[in-house]
Trainee: 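Dumping the structure here so I can ask a few things about it.
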Amino acid sequence: MPDEQDTLATIVKAMSLLNSGMEIVDGLLENEMRLRGLSREEKQAVRKSIIGETRTIADELQSENP
Amino acid sequence: MQRSTKRIAAALIALALLNTACPSGPKSESDIEKAENKLDKAINGVNALAKTARELYRQNVINLQERQLAGKIVEEANDALEKVADRVALVDLNNPESVKLGKADVENLLKLAIEKLNQFGAGGSQLQLAAAAIVFTINETIALVKLVKEVRQ
């Protein structure tokens, strides 16, 4: 029984992580699409926007708050 | 359970790193366009790494200390990439000398940014373990895709 519970817990955890992974990959593709077919100036603005978002997440990652 | 979660974590990081490493775009693109495409891949890759680290913490795959380390690395890589983006913006596409100098500067700056990213493999954290499993995970995924194709046929 403990083995079955452990397997089930692993599957649930795997599904959850895979779901998160899919969302992250979706975000990657979305960012790629945002940059396609834009002028140089527009691309620069999008790059700044993505860099800004990453900075916000990096600050959040470094904080002491859980 | 630990091994499974580490391998899934490795897959997530691998996806982000592959996005950074994969060449893209038409072959007819100019040198500076190639450099800009590399920059875009790197910016997107670091953004995905940040989101991956956030998610791994939310799901208890990495601890607070590891999350903070990931945050520091992401911050440094992101700052380095911002410098690259600022340099790219200064290139005058109508001036061959500006393009030549810009390309060299951008490639050098990108190398520095990627060195920052390589720190993901340092520190003995779970992120390092995940990174070490990347090759295995990719091979396993390829084998799985082949198997699924065979079954469908």
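Chain A is the first sequence line, chain B the second, and so forth, proteins listed ahead of strands; every chain is numbered from 1.
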Trainee: To the closest 0.5 Å, what do you measure between CD (A/Gln44) and CG (B/Leu90)?
Mentor: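 Here the rounded value is 8.5 Å.
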
Trainee: Can we say B/Asp86 and A/Lys48 salt-bridge, meaning some charged N sits less than 4.0 Å from an Asp/Glu carboxylate O?
Mentor: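 Answer for the salt bridge query: yes.
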
Trainee: Checking heavy atoms, do the side chain of A/Ile57, its backbone, both or neither come under 4.5 Å from chain B?
Mentor: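 Only the side chain of A/Ile57 comes within 4.5 Å of chain B.
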
Trainee: Let me know if A/Leu35 has heavy atoms under 4.5 Å from chain B in its side chain, its backbone, both or neither.
Mentor: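 Contact with chain B: side chain only.
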
Trainee: Do B/Leu109 and B/Leu101 share a hydrophobic cluster (ILVMFWY, side-chain heavy atoms under 4.5 Å, transitive)?
Mentor: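 No, it is not one cluster - the side chains of B/Leu109 and B/Leu101 are not joined through contacts under 4.5 Å.
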
Trainee: Please state whether the side chain, the backbone, both or neither of A/Arg55 comes within less than 4.5 Å of a heavy atom of chain B.
Mentor: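 Both the backbone and the side chain of A/Arg55 come within 4.5 Å of chain B.
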
Trainee: Output yes when B/Lys51 and A/Glu53 qualify as a salt bridge under the 4.0 Å nitrogen-oxygen rule, no when they do not.
Mentor: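 Looking at B/Lys51 and A/Glu53, the cut-off is met.
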
Trainee: Rounded to the nearest 0.5 Å, how far does CG of A/Asn31 lie from CG of B/Asn47?
Mentor: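 Output value for this atom pair is 5.5 Å.
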
Trainee: With a 4.5 angstrom heavy-atom cut-off, could you sort out which part of B/Val84 is near chain A: side chain, backbone, both or neither?
Mentor: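 No part of B/Val84 comes within 4.5 Å of chain A.
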
Trainee: Nearest 0.5 Å please: distance from the CG atom of B/Leu81 over to the CZ atom of A/Arg47.
Mentor: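 Going from CG on B/Leu81 over to CZ on A/Arg47, the span is 11.0 Å.
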
Trainee: Taking B/Arg54 first and then A/Glu60, would you say they form a salt bridge - that is, a charged N and a carboxylate O separated by under 4.0 Å?
Mentor: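 Here B/Arg54 pairs with A/Glu60 in a salt bridge, since their nearest N and O are under 4.0 Å apart.
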
Trainee: Side chain of B/Asn78, backbone of A/Ile51: donor and acceptor closer than 3.5 Å?
Mentor: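 Pair found, side chain donor or acceptor close to backbone of A/Ile51.
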
Trainee: So, for B/Ala50 and A/Thr54, which heavy atoms are closest and what is the spacing to 0.1 Å?
Mentor: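 For B/Ala50 and A/Thr54, the tightest heavy-atom pair comes out as CB-CG2, 4.1 Å.
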
Trainee: Strictly below 4.0 Å, N to O, side chains only: are A/Arg40 and B/Glu36 in salt-bridge contact?
Mentor: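 Here A/Arg40 pairs with B/Glu36 in a salt bridge, since their nearest N and O are under 4.0 Å apart.
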
Trainee: Give a yes or no answer on whether the side chain of B/Arg67 reaches the backbone of A/Leu61 with a donor-acceptor pair at less than 3.5 Å.
Mentor: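 Checked: pair present.
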
Trainee: Where do B/Gly71 and A/Ala58 come nearest, in terms of heavy atoms and distance?
Mentor: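 Minimum heavy-atom separation between B/Gly71 and A/Ala58: O-CB, 3.7 Å.
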
Trainee: For the backbone of A/Asp59 and the side chain of B/Glu75, can you confirm whether one donor and one acceptor N or O come within less than 3.5 Å of each other?
Mentor: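 No; judged by distance alone, with no hydrogens or angles, the pair does not exist.
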
Trainee: Counting heavy-atom pairs closer than 4.5 Å to chain B, which one of A/Gln62, A/Glu41, A/Lys43 comes out on top?
Mentor: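 Top count of heavy-atom pairs under 4.5 Å with chain B: A/Gln62.
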
